[in-house]
K.L.:
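Below are the structure tokens for one structure; questions will follow.
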Amino acid sequence: MTEPEFQQTTEVRYKVVPDDQLPAGRATLVVDGPGFVEARIRRGHASELLCEQLSTVSRHIFSNGLWAYHWREGANETDPCSDCAPAEVWFEIHPADDFPKDMVCLHREQPGEFIWFVCEGHLSEQACGEFNEYLKSSLQNGYWVQHWDENEPGVVIRPAHPSPGR
């Protein structure tokens, strides 16, 4: 099997959008292309502050090559990567008391894992679930890859309380 060509993603955006920019019944839609990824979230399912903070952290991660994306037409279709050992990435919603002042998202990263911790009230359960479905599928299909220097310790920034039942 030929190794896919991974590109540096130069632009990552999370945006709150009006209803007409998403399919009926969906809270999120991830749109991508060569060099960019845009996560659109239906108004009422995420705060502007969350989108700003997610975009800032994501921009840093991708512009520094910590993650890479294999973009191609139809990348979100089912086409499992049989040789992949994908990292796990997911979103979790936590109580507001778990977050420092003015922060509505934190993350924890270590080899093979990246978790977004989101302050309750800033992301709906539906949007959280849809992002998790997208991430699981995209990672299993080999479209996202984590670059990790095994000599560096994991970056750990997390809320005070562990997630219930993940």
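Everything numeric here is computed off the predicted structure, so don't read it as measured data.
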K.L.:
Could you walk me through whether Val104 and Val118 pass side chain to side chain contact (heavy atoms under 4.5 Å, CB included), step by step?
P.N.:
CA-CA 6 Å; Val104 297; Val118 178; 5.9 Å; no

K.L.:
Between Glu92 and Trp90, is there a side-chain donor-acceptor contact under 3.5 Å, judged purely by atom types and distance?
P.N.:
yes

K.L.:
Could you grab the distance from atom CD of Gln126 to atom CZ of Arg42, nearest 0.5 Å is fine?
P.N.:
8.0 Å

K.L.:
How many angstroms lie between atom CZ of Phe114 and atom CG of Leu135, to the nearest 0.5 angstrom?
P.N.:
10.0 Å

K.L.:
CD1 of Ile93 to SG of Cys128: how many Å apart, nearest 0.5 Å?
P.N.:
4.5 Å

K.L.:
Under a 4.5 Å cut-off applied to non-hydrogen side-chain atoms, are Leu54 and Trp116 in contact?
P.N.:
yes

K.L.:
Run the salt bridge (charged side-chain N to carboxylate O under 4.0 Å, His left out) test against Asp102 and tell me which residues pass, sequence neighbours left out.
P.N.:
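Per chain and number, Asp102 pairs via salt bridge (charged side-chain N to carboxylate O under 4.0 Å, His left out) with no residue.
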
K.L.:
If you define the side chain from C-beta out and look only at heavy atoms, does anything of His94 sit under 4.5 Å from Glu120?
P.N.:
no

K.L.:
Which pairs with one or both residues in residues 46-57 pass side chain to side chain donor-acceptor pair (under 3.5 Å), sequence neighbours excluded?
P.N.:
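Qualifying pairs, neighbours excluded: Ser47-His122.
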
K.L.:
If every non-hydrogen atom of Ala46 is compared with every non-hydrogen atom of Val16, which pair is closest and at what distance?
P.N.:
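Shortest heavy-atom separation between Ala46 and Val16 comes out as O-CG2, 3.5 Å.
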
K.L.:
Apply side chain to side chain contact (heavy atoms under 4.5 Å, CB included) to the pair Leu106 and Phe99, showing each step before the final yes or no.
P.N.:
CA-CA 8 Å; Leu106 300 169; Phe99 293 82; 3.8 Å; yes

K.L.:
What are the two closest non-hydrogen atoms of Gln21 and Leu29, and how far apart are they?
P.N.:
O-CD2, 4.0 Å

K.L.:
Filter on salt bridge (charged side-chain N to carboxylate O under 4.0 Å, His left out), then keep only pairs touching residues 121-132, sequence neighbours left out; what's left?
P.N.:
Arg26-Glu130

K.L.:
Just jot down the side-chain contact (heavy atoms from CB on, under 4.5 Å) partners of Lys15, sequence neighbours excluded, or say none.
P.N.:
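So Lys15 forms a side-chain contact (heavy atoms from CB on, under 4.5 Å) with Arg13, Val17, Glu38.
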
K.L.:
Within this structure, what is the CG-OG1 distance for the pair Leu22 and Thr28, rounded to the nearest 0.5 Å?
P.N.:
7.5 Å

K.L.:
Applying side-chain hydrogen bond (donor to acceptor under 3.5 Å, both in side chains), name anything that partners Arg43, two or more places apart in sequence or on another chain.
P.N.:
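Counting only residues at least two positions away or on another chain, Arg43 forms no side-chain hydrogen bond (donor to acceptor under 3.5 Å, both in side chains).
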
K.L.:
How long is the span from the CZ atom in Phe91 to the CG atom in Leu50, to the nearest 0.5 Å?
P.N.:
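Spacing of CZ (Phe91) from CG (Leu50) equals 7.5 Å.
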
K.L.:
Would you confirm whether the ring centroid of His107 sits within less than 6.0 angstrom of the ring centroid of Phe117?
P.N.:
no

K.L.:
Keeping Ser137 on the side-chain end and Glu133 on the backbone end, is there a donor-acceptor pair under 3.5 Å?
P.N.:
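Here the side-chain-to-backbone pair does not exist.
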
K.L.:
Return the set of residues passing side-chain hydrogen bond (donor to acceptor under 3.5 Å, both in side chains) with Ser124 (not counting sequence neighbours), or none when no residue passes.
P.N.:
His45

K.L.:
Got Phe131 and Ile41 here, is their nearest side-chain heavy-atom distance under 4.5 Å?
P.N.:
yes

K.L.:
Closest approach of Tyr14 and Ser58, non-hydrogen atoms and distance?
P.N.:
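Heavy atoms only, the tightest pair is CE1-OG, 3.5 Å.
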
